[in-house]
Amino acid sequence: MTSLEEARELLRAFPVVDGHNDLPWALREQVRYDLDARDIAVPQDAHLHTDLPRLRAGGVGAQYWSVYVRSDLPDPVTATLEQIDCVRRLIDRYPDALRAALTAADMEAARGEGRIASLMGAEGGHSIANSLGALRGLYALGVRYLTLTHNDNVDWADSATDEPGVGGLSAFGREVVREMNRLGMLVDLSHVAATTMRDALDTSSAPVIFSHSSARAVCDHPRNIPDDVLERLPANGGVAMVTFVPKFVLRAAVDWTAAADENMRAHGFHHLDTTPEAMKVHRAFEERHPRPVATAATVADHLDHMREVAGIDHLGIGGDYDGTAFTPKGLDDVSGYPNLIAELLDRGWSKTDLAKLTWKNAVRVLGAAEDVARHLQATRAASHATIEALDADSDGDAGPDSDPVSVG
């Protein structure tokens, strides 16, 4: 049996839980949520990284669908609700393939049924508009993680790709983390500054996740995780889900991407635009300037390092499909996961360890967050804190009433 055959066999038993897929945003951008125009029951190779046949071929058993919206939209909360509606419509449209999942038990039930557990993660604290009520509303609608920032700072947390604002988490930011713990919503530290990562780990009483981030020691990009943070995951219980985005995993791709992004802006497109018109500009640039190509081995290099630093119990996968213009060779779309698993088998990873990477760790971390929430809900009521009250002091000291601020 070849390594690829072994990989596919393993994924039949322990399929991939992928931490981040931007299909809903791609559907918004390409067809304004017209699901007939992008019927994912049939191959959509010309338009998307994701469809049901390729999810099956890739051995995907659970997917966190990102309900990401851009931070510069005039009403990001409404846009996030539209993204949630898109995911719900996908689940309703394809009930034989997709199953709504809110808990770790739901994920296991979906695996037993041979369906893809469908969870949601909101990407960026701008989606709650500085409101803990909005945070609770997203949780009630099924969102099971919040990435504290996207590419830009929010008022209460610093992003990895923006200038320092509050120095990590503000007092209100720490209250957001505590309220997420109380709800059972995973704290996602992808996209945040290293200072924010450390503050969140200091604050959170539940395991955290990185839904799509790789190792900074292997590729020095601010979107990746420093070793001192990886070293803290065993004590926290969290999971770092390696991403496939070439500019985050291959050093040579970092400078090329900066130039490609500048070219996009020069042509009037947002650098994250993946519409057909924008991709024509991307492809033309690539013809003139061939891009460095990452591979499954490139991603495996990150996983080898992350396993050495954090341990096998704290690793997962978050490909970021349909949220990036380019993907590694062999990981071109959601059908490619077996190629990564085969690469790891060739490097001597055991099937026991690979089962943790693909399925067990991600299920465990959600279940652990649920356990923490049950305890906190018995001891702490919903917080009524406001950013105006907690962040009023310039030193970020919220005062004696801030931990926790609750209603009876």
Side-chain angles (χ1 to χ4, degrees), residues 16-20 64 121 123 145-149 157-161 168-169 177 180-181 186-251 254 294 296-320 340 343-344 347-350 352-366 368-369:
V16 168
V17 180
D18 184 279
H20 194 87
Y64 278 95
E123 189 177 18
Y145 74 64
L146 174 69
T147 317
L148 300 186
T149 73
D158 285 352
S159 168
T161 49
L169 286 176
V177 169
M180 291 172 70
N181 290 167
L186 291 165
V187 177
D188 178 21
L189 300 180
S190 285
H191 279 286
V192 308
T195 51
T196 306
M197 297 175 193
R198 296 174 189 121
D199 283 355
L201 284 164
D202 289 342
T203 304
S204 183
S205 55
V208 303
I209 65 166
F210 292 82
S211 65
H212 56 308
S213 295
S214 296
R216 193 173 298 189
V218 179
C219 182
D220 187 10
H221 191 287
R223 270 283 283 105
N224 287 334
I225 314 167
D227 277 3
D228 72 285
V229 174
L230 286 170
E231 288 168 355
R232 295 183 63 176
L233 286 183
N236 168 263
V239 170
M241 309 176 94
V242 69
T243 194
F244 300 166
V245 180
K247 66 181 178 181
F248 301 151
V249 296
L250 182 65
R251 180 64 238 182
V254 176
T298 311
V299 177
D301 289 343
H302 284 262
L303 283 169
D304 279 341
H305 180 81
M306 293 162 77
R307 182 175 67 164
E308 181 179 342
V309 177
I312 186 56
D313 293 323
H314 305 285
L315 303 185
I317 295 172
D320 202 10
L340 176 60
E343 173 69 25
L344 294 171
R347 294 180 182 216
W349 284 50
S350 72
T352 299
D353 285 355
L354 289 168
K356 292 180 178 182
L357 172 73
T358 60
W359 181 264
K360 291 184 176 181
N361 291 343
V363 175
R364 173 189 57 76
V365 78
L366 181 58

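- Here the side chains of Ile209 and Val187 are not in contact, with every heavy-atom distance at 4.5 Å or above.
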Just do the side chain to side chain contact (heavy atoms under 4.5 Å, CB included) check on Cys219 and Val254 with the steps written out, would you?
CA-CA 9 Å; Cys219 182; Val254 176; 4.0 Å; yes
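- Between the side chain of Arg251 and the backbone N or O of Asp220 there is at least one donor-acceptor pair closer than 3.5 Å.
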Distance-only donor-acceptor hits, side chain of residues 307-319, under 3.5 Å, sequence neighbours excluded:
unit_1 : atom_1 : unit_2 : atom_2 : d
Asp313 : OD1    : Lys356 : NZ     : 2.8
His314 : ND1    : Gly238 : O      : 2.8

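- Arg364 has its side chain within reach of Val239: a pair of non-hydrogen atoms, C-beta onward, lies under 4.5 Å apart.
- Between Arg223 and Asp320, no side-chain nitrogen of the basic residue sits less than 4.0 Å from a carboxylate oxygen of the acidic one, so the salt-bridge criterion is not met.
- Of the charged side-chain nitrogens involved, at least one lies within less than 4.0 Å of a carboxylate oxygen, so that Arg347 and Asp304 count as a salt-bridged pair.
- Applying the side chain to side chain contact (heavy atoms under 4.5 Å, CB included) test to Ala368 and every residue at least two apart in sequence or in another chain returns Pro207.
- Put simply, NE2 on His302 and CG on Asn224 are 6.0 Å apart, with the number rounded to the nearest 0.5 Å.
- Residues forming a ring-ring contact (aromatic ring centres under 6.0 Å, His included) with His221 (at least two apart in sequence, or on another chain): Phe248.
- Inter-residue side-chain proximity for Asp18 and Met241 is flagged as unmet; no heavy-atom pair is nearer than 4.5 Å.
- Nearest heavy atom pair, residue Gly237 against residue Val365, reads O-CG2, 3.9 Å.
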How far apart are the C-alpha atoms of Leu357 and Leu303, what are their side-chain angles, what is the distance that settles it, and do they pass the side chain to side chain contact (heavy atoms under 4.5 Å, CB included) test?
CA-CA 10 Å; Leu357 172 73; Leu303 283 169; 3.9 Å; yes
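- The line from CG of Leu354 to CH2 of Trp349 is 6.5 Å long, rounded to the nearest 0.5 Å.
- Formation of a donor-acceptor pair under 3.5 Å by the Ser211 side chain with backbone atoms of Asp188 is not found in this model.
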After noting the C-alpha distance and the side-chain angles of Val242 and Ser214, does the key distance pass the side chain to side chain contact (heavy atoms under 4.5 Å, CB included) rule?
CA-CA 5 Å; Val242 69; Ser214 296; 3.3 Å; yes
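- Two residues are said to be in side-chain contact when any heavy atoms from C-beta on lie closer than 4.5 Å; Glu231 and Pro226 fail this criterion.
- At a threshold of 4.5 Å between non-hydrogen side-chain atoms, the residues Leu340 and Phe244 count as touching.
- Listed for the Thr147 side chain is no donor-acceptor partner under 3.5 Å among the backbone atoms of Thr149.
- For the atom pair CZ (Arg232) and CG (Leu201), the distance works out to 4.5 Å, reported to the nearest 0.5 Å.
- Of all heavy-atom pairs between Leu148 and Ala200, the closest is CD1-CB, 4.5 Å.
- Side-chain atoms of Thr298 do not come within 3.5 Å of backbone N or O of Leu250 as any donor-acceptor pair.
- Here the CE atom belonging to Met180 is positioned 4.5 Å from the CG atom belonging to Leu146, to the nearest 0.5 angstrom.
- The two residues Thr196 and Gly168 come nearest to each other via the heavy atoms OG1-O, 3.2 Å.
- For the pair Asn181 and Ser205, the minimum side-chain heavy-atom distance is below 4.5 Å.
- Residues Val17 and Val363 come closest through the heavy atom pair CG2-CG2, 4.5 Å.
- Applying the ring-ring contact (aromatic ring centres under 6.0 Å, His included) test to His20 and every residue at least two apart in sequence or in another chain returns His212.
- Taking CE from Met306 and CG from Leu233, the interatomic distance works out to 8.0 Å, rounded to the nearest 0.5 Å.
- Partners of Tyr64 under the ring-ring contact (aromatic ring centres under 6.0 Å, His included) rule, at least two apart in sequence or in another chain, are Tyr145.
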Using the rule given for side chain to side chain contact (heavy atoms under 4.5 Å, CB included), can you reason through His305 versus Asp227, listing the C-alpha separation, both sets of side-chain angles and the distance that settles it, and then say yes or no?
CA-CA 9 Å; His305 180 81; Asp227 277 3; 2.8 Å; yes
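- For the salt bridge (Lys or Arg N to Asp or Glu O under 4.0 Å) test, no residue two or more places apart in sequence or in another chain qualifies with Arg216.
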